[in-house]
Amino acid sequence: MYRLLYRVVLRRVPAETAHRAGFALIRAAGMPGVAWLLRWWLGPSDPALRVRALGLEFPGPVGLAAGFDKDARAVAGLGALGFGFVEVGTVTARPQAGNPRPRMFRLPADRALVNRMGFNNDGAAAAAVRLRRRAAGGPVVGVNIGKTKVTPEDEAAADYAASARLVAGVADYVVVNVSSPNTPGLRDLQAAGRLKPVLVAVREALDAAAGARRVPLLVKIAPDLADPDVDAVADLAVELGLDGIIATNTTVSRDGLATPPAEVAAAGAGGLSGPPLGPRALEVLRRLRERAGDRLVLIAAGGIETPDDAWDRLRAGATLVQAYTGFIYGGPLWPRRMHAGLARRARAAKSGPTAAS
Ligand SMILES: Cc1cc2nc3c(=O)[nH]c(=O)nc-3n(C[C@H](O)[C@H](O)[C@H](O)COP(=O)(O)O)c2cc1C
């Protein structure tokens, strides 16, 4: 039904308009009685799927990646659709409008998206107010923070720390996003020398604001980093006692697309997401696991759209997986399908050494 709706209606309207319509429905799904019923139907219930990581309990390993619910408006509805966790944001210390529209494009031949949203959001304080009001029993919620566009790069650490302070009390975990291609200069902060002061400032802000509770801290990296830079981020994360890394954000590469070049060019600049990103995202994940051993929790993102994709990431060293684009193309039952498929794989793997390979 969703495929029919997509073919007949959704693909004919601008991607951001379709997103807004879907988003309104998901918010409605979060109404108390409705959410309970949906969660009962769609939520991960198989004990084989449960994950304990970052000091938190996840009912299933498949989460929603950052960017879909930037302002933490639909957490209850997204939890009701069966996501094991939801990462809200990116939020910035100050509210900002993002880039002019259009800024989100579909490449259906690749089941991919190109976006240059530019961190449009109401600000970290507004998201914190909404999260403080959320009802008990919802999903695990991570908060992804980024740099305010107008903040100069040499004040980045203080800007990130301001966001961290605002969300410390309401986030189950916090992610420092230094990997969006849509804020000028942001990805330069991935260089270890520039990343260190940001991560140190955020860790201190979280510790000062959250009191006795230690808020898990992760950093999210781009797939476009060269391999030695991936290693350097892993080493830094271990050195600073970070909890984990999210690999990866969108790519600026346009290699290997099935979409005609003119259509790709028409979308313009921005980050590419979806299956074309998968192979490099998996490579980065493997590299991180090899480098960091078991000292970091790795959350895989980038091109995950089937249970097999998710299974491959889990076997490559991810503890949890996230997606955005797979959910857009897969529709509201996508989280349920993912968890059901993973549960089958997990059981098959348990019942015989070669069954799941
Ligand atoms: C429209 C759109 C907006 C996004 N916004 C953010 C964001 O604000 N912060 C962030 O860390 N990642 C953002 N992302 C990246 C996703 O969280 C994810 O890392 C990336 O899309 C790769 O996963 P996917 O192939 O499953 O989409 C965005 C992705 C899309 C498609």
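In listed order, ligands and their atoms are each counted from 1. The figures here come from the full heavy-atom set of this structure, side chains too, leaving out hydrogens, waters and symmetry mates. Bear in mind the structure is a predicted one, so any value in this text is a computation, not a measurement.
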Distance-only N or O hit between ligand 1 and Ala323, under 3.5 Å | no
Thinking salt bridges, do Arg165 and Asp159 make one under a 4.0 Å N-O criterion?
-> no
Check whether any heavy atom of Ser180 sits under 4.0 Å from an atom of ligand 1.
-> no
Going hydrophobic residue to hydrophobic residue with side-chain gaps under 4.5 angstrom, can you get from Ile245 over to Leu206?
-> yes
Considering only non-hydrogen protein atoms, determine which one is nearest to atom 4 (C) of ligand 1 and report residue, atom name and distance to 0.1 Å.
-> Gly67 CA, 3.7 Å
Taking the side chain as C-beta and beyond, is there a heavy-atom pair between Gln322 and Phe85 under 4.5 Å?
-> yes
Which atoms of ligand 1 have any heavy atom of Leu113 under 4.0 Å away?
-> 31 (C)
Check whether any side-chain heavy atom of Arg106 lies under 4.5 Å from a side-chain heavy atom of Tyr329, and answer yes or no.
-> yes
Taking atom 7 (C) of ligand 1 as the reference point, the nearest protein heavy atom with its distance | Thr90 OG1, 3.4 Å
Sequence-distant partners of Arg50, salt bridge (charged side-chain N to carboxylate O under 4.0 Å, His left out), two or more places apart = none
Answer whether the closest heavy-atom distance between the side chains of Met117 and Asn99 falls below 4.5 Å.
-> no
Apply the side chain to side chain contact (heavy atoms under 4.5 Å, CB included) test between Ile145 and each candidate in Val174, Val175, Thr92; give the one that qualifies.
-> Val174
Closest protein heavy atom (residue, atom, distance) for atom 15 (C) of ligand 1 = Asn249 OD1, 3.4 Å
Is the shortest N/O to N/O distance between Asn177 and ligand 1 below 3.5 Å?
-> yes
Could you list which atoms of ligand 1 come closer than 4.0 Å to a heavy atom of Gly303?
-> 24 (P), 25 (O), 26 (O)
Atom 8 (O) of ligand 1: closest protein heavy atom, distance to 0.1 Å, is Lys70 NZ, 2.9 Å
Output yes when the distance from some N or O of ligand 1 to some N or O of Asn115 is under 3.5 Å, and no in every other case.
-> no
If you measure every N/O of Ala65 against every N/O of ligand 1, is any gap under 3.5 Å?
-> no
At what distance is the nearest protein heavy atom to atom 28 (C) of ligand 1, and which residue and atom is it?
-> Ala66 O, 3.7 Å
Ligand 1 contact on Glu87 by region, counting heavy-atom pairs under 4.0 Å | neither
What is the closest protein heavy atom to atom 18 (C) of ligand 1, and at what distance does it sit?
-> Lys220 NZ, 3.8 Å
Is there side-chain contact between Ile26 and Leu78, with heavy atoms separated by less than 4.5 Å?
-> yes
What do you reckon, does Thr248 put a non-hydrogen atom under 4.0 Å from ligand 1?
-> yes
With a 4.5 Å limit on heavy-atom distance, are the side chains of Val167 and Leu131 in contact?
-> no
Are side-chain N/O atoms of Asn249 and Asn177 paired as donor and acceptor at under 3.5 Å?
-> yes
Identify, for atom 27 (O) of ligand 1, the protein heavy atom at the shortest distance, and state residue, atom and that distance.
-> Thr325 OG1, 2.6 Å
Contact (N/O only, under 3.5 Å) between Thr250 and ligand 1 = no
